[in-house]
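Encoded as structure tokens, the structure appears first; notes follow it.
Being a predicted model, the structure only gives us computed values, none of them experimental. Throughout, a chain's letter reflects where its sequence line sits, starting with A, and its residues are numbered from 1.
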Number of protein chains: 2
Amino acid sequence: MSTKQPDCLQCAMREHSIFAGLSSEDICQLGMDVHDIHVTAGTTIYHESDPAQYAYTLRQGGIKLVKSLANGHAQIVRLLHRGDLFGFEGLRSDQHRHSAIALTGTDLCRLELRALDALSQRLPAMREAIFARWQQALQEAEDRIVELGAKKADARLATFLCQWCIAYRQQRAAPFPLTRRDLGEFLGLSTEHVSRIMADFKRQGLLHEHKGQIEIPEPQKLLRHACSDDTSA
Amino acid sequence: MSTKQPDCLQCAMREHSIFAGLSSEDICQLGMDVHDIHVTAGTTIYHESDPAQYAYTLRQGGIKLVKSLANGHAQIVRLLHRGDLFGFEGLRSDQHRHSAIALTGTDLCRLELRALDALSQRLPAMREAIFARWQQALQEAEDRIVELGAKKADARLATFLCQWCIAYRQQRAAPFPLTRRDLGEFLGLSTEHVSRIMADFKRQGLLHEHKGQIEIPEPQKLLRHACSDDTSA
DNA sequence: CGTCCAATTGAAACAAGTCAATCTATGTGG
DNA sequence: CCACATAGATTGACTTGTTTCAATTGGACG
């Protein structure tokens, strides 16, 4: 893990972060220790039930938030993309509620929770920004509940892959650092089952995969294939 | 649906609500139209994708928040207990994100979202209270993701029943207005499967049920029974 | 007493998980 | 450059978990 002092004013992320809308003076007077951090794939940034000291903004790379069960199963609670804020459950609780693990080499911006809390009291724009992310996380979590509770494996996988690609829609092929096991832990499936369904999709030309990238030629087709509960009477 | 003007100062819920910590003067100057509402079992309080106008505090009774899928399945996203605030996703979005349906006869306190938003700007205590509920909802949602993604039917049901009873721990037997179908829609299972597992639990004396009440003599035993993935080598 | 709806049960079909073997690609050290 | 070790992906055969469909039971209520 490497660390350095950043120049927040020049940050490319700035207008997509919780600091969006703050003036340059505000930024200069943050009075918070901010660190740029780089970690390699597989690094655990913090552990479930670690005392929470920092929140992070993901500047580049991929992160999974994981909860582990007594029975040996792990569940990925959330997957993070460029620009996402995480670890902020520490604003309300003393401990982190999941482990954060890098899927790829990753650039992070580390923020002190205590300072973040104080700032959000002082700067309404920041408070709103944090609130908005909290709310977005809830919405996504509720959508996941529906996916996990009401859909079958192939439909879950299809909608997930389509959403993933939408998040990278500017590119023809989306970077895809997830292993079959990651997919399984995210979707509540065994790695073998994920592998079989992926292989099916590929055989049917609904999906292509090379060297850590995927491409879905016709998302609608993939969704139709997997989600139709064929009540086509 | 019946409605009346309440006396908020006398409200038994007050110190458990988002108005906790406000002075009597604050309460008198809320400047918000508050209505006490009573609805009967089965009433839909609002529909998914209805324009959001109100949030509600549940004073008495039970509510389910439901999302419906194209394939005909419904998923209960959250179950609400006495004191819970709901409908507040309308603070951030124009529409409700789920339908709210009464499980029993229910007393509600209806709050105007616009006014609530304005008040939370003015009164830090209230802002914090709303924030806290949002955060609690996220935590619960993430726990549900783990349940749905990583556990089998009997374990899901067992942990749910135990948590339900803990919420009513003062009483020997907890009120239980959920049908087998409700349980299925909450846990992502068919009603028949729920019925079978419940019957099993009852046959083994892990669970008793009479007239809309349930009792779990030894919660640990029930959990042990259902959650042990018997890696007991 | 008959009606209605929820709960239960059984049998069969289907979905998903497990275990074990093989097949890759990739990287390592000789 | 090759032989080998490693980790992920794939596949097959089998087992277990869950749903579906259909029939039956049971209770609440007019």
Side-chain angles (χ1 to χ4, degrees), chain A residues 40-42 64 69 71-75 103-104 147-158 161 176-204 207-214 225-231 233, chain B residues 40-42 69 71-75 103-105 147-158 161 176-204 207-214 225-231 233:
Chain A
T40 56
K64 57 179 175 181
L69 257 75
N71 67 13
H73 278 244
Q75 178 69 35
L103 296 166
T104 61
E147 292 290 312
L148 291 171
K151 287 189 185 172
K152 293 205 264 232
D154 49 358
R156 275 183 242 172
L157 187 51
L161 292 172
F176 197 74
L178 301 172
T179 65
R180 299 293 184 256
R181 168 194 274 255
D182 287 329
L183 281 169
E185 291 181 351
F186 188 77
L187 299 170
L189 301 169
S190 67
T191 65
E192 294 92 334
H193 199 198
V194 171
S195 178
R196 274 186 254 269
I197 299 170
M198 290 287 280
D200 269 359
F201 287 167
K202 285 197 267 182
R203 273 189 284 268
Q204 296 181 46
L207 173 68
H208 304 289
E209 202 180 14
H210 306 288
K211 310 231 169 211
Q213 300 216 317
I214 59 168
H225 170 84
C227 296
S228 68
D229 247 76
D230 255 301
T231 319
Chain B
T40 56
L69 258 75
N71 68 12
H73 279 245
Q75 178 71 33
L103 294 167
T104 62
E147 292 290 311
L148 292 171
K151 288 188 183 172
K152 295 204 259 232
D154 50 358
R156 275 182 240 171
L157 187 51
L161 293 172
F176 197 73
L178 301 172
T179 65
R180 298 294 184 256
R181 169 195 274 256
D182 287 329
L183 281 168
E185 291 181 350
F186 188 77
L187 299 170
L189 302 169
S190 67
T191 65
E192 294 93 333
H193 200 197
V194 171
S195 178
R196 274 185 254 269
I197 299 168
M198 290 288 280
D200 269 359
F201 287 167
K202 284 197 268 182
R203 274 189 284 268
Q204 295 180 46
L207 172 69
H208 303 291
E209 202 180 13
H210 305 289
K211 309 229 170 213
Q213 300 217 318
I214 60 170
H225 170 84
C227 297
S228 67
D229 248 75
D230 254 300
T231 321

Item to check | Test item: A/Thr179 and A/Asp182 side chains (from C-beta on) under 4.5 Å apart, heavy atoms | outcome: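 In short, these two side chains touch, coming nearer than 4.5 Å.
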Distance, nearest 0.5 Å, that separates [atom1] of [X] from [atom2] of [Y]:
| X | Y | atom1 | atom2 | answer |
| --- | --- | --- | --- | --- |
| A/Phe176 | A/Ile214 | CZ | CD1 | 4.5 Å |
| A/Leu148 | B/Glu147 | CG | CD | 11.5 Å |
| A/Lys152 | A/Leu157 | NZ | CG | 15.0 Å |
| B/Lys202 | B/His208 | NZ | NE2 | 10.5 Å |
| A/Leu189 | A/Ile197 | CG | CD1 | 6.0 Å |

N/O contacts under 3.5 Å, protein versus nucleotides 5-11 of chain D?
from, atom 1, to, atom 2, distance (Å)
D/dA9, OP2, A/Arg180, N, 3.0
D/dT10, OP1, A/Arg180, NH2, 3.4
D/dT10, OP1, A/Lys202, NZ, 3.0
D/dT10, OP2, A/Arg180, NE, 2.7
D/dT10, OP2, A/Arg180, NH2, 3.1
D/dT10, OP2, A/Ser195, OG, 2.9
D/dT10, O5', A/Ser195, OG, 3.4
D/dT11, OP1, A/Arg203, NH1, 3.3
D/dT11, OP2, A/Arg203, NH1, 3.3

Checklist entry - So how far off straight is the helix from C/dC1-D/dG30 to C/dG30-D/dC1, going by the axes through five pairs at either end, to 10°? => result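 Computed from the C1' atoms at both ends, the axes differ by 30°.
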Could you check how far [atom1] of [X] sits from [atom2] of [N], rounded to whole Å?
| X | N | atom1 | atom2 | answer |
| --- | --- | --- | --- | --- |
| A/His210 | C/dT26 | NE2 | C1' | 18 Å |
| A/Leu189 | D/dG17 | CG | P | 17 Å |
| B/Glu185 | C/dA6 | CD | P | 11 Å |
| B/Asp182 | C/dC5 | CG | C1' | 14 Å |
| A/Arg156 | C/dA15 | CZ | P | 13 Å |
| A/Ile197 | C/dA16 | CD1 | C1' | 9 Å |
| B/Asn71 | D/dT19 | CG | C1' | 14 Å |
| B/Leu148 | D/dG17 | CG | P | 18 Å |

Next on the checklist: Taking A/Arg180 first and then A/Glu209, would you say they form a salt bridge - that is, a charged N and a carboxylate O separated by under 4.0 Å?
Outcome noted: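 Salt bridge: yes.
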Checklist entry - When all nucleic acid strands are considered with a 4.0 Å heavy-atom cut-off, which category describes A/Gly188: base, sugar-phosphate, or nothing? => result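 Contact class for A/Gly188: sugar-phosphate only.
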Checklist entry - Under the salt bridge (Lys or Arg N to Asp or Glu O under 4.0 Å) test, which residues partner B/Arg196, sequence neighbours left out? => result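 None.
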Checklist entry - For B/Ala153 and B/His193, which heavy atoms make the closest approach, and how far apart are they? => result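 Looks like CB-CE1, 3.5 Å.
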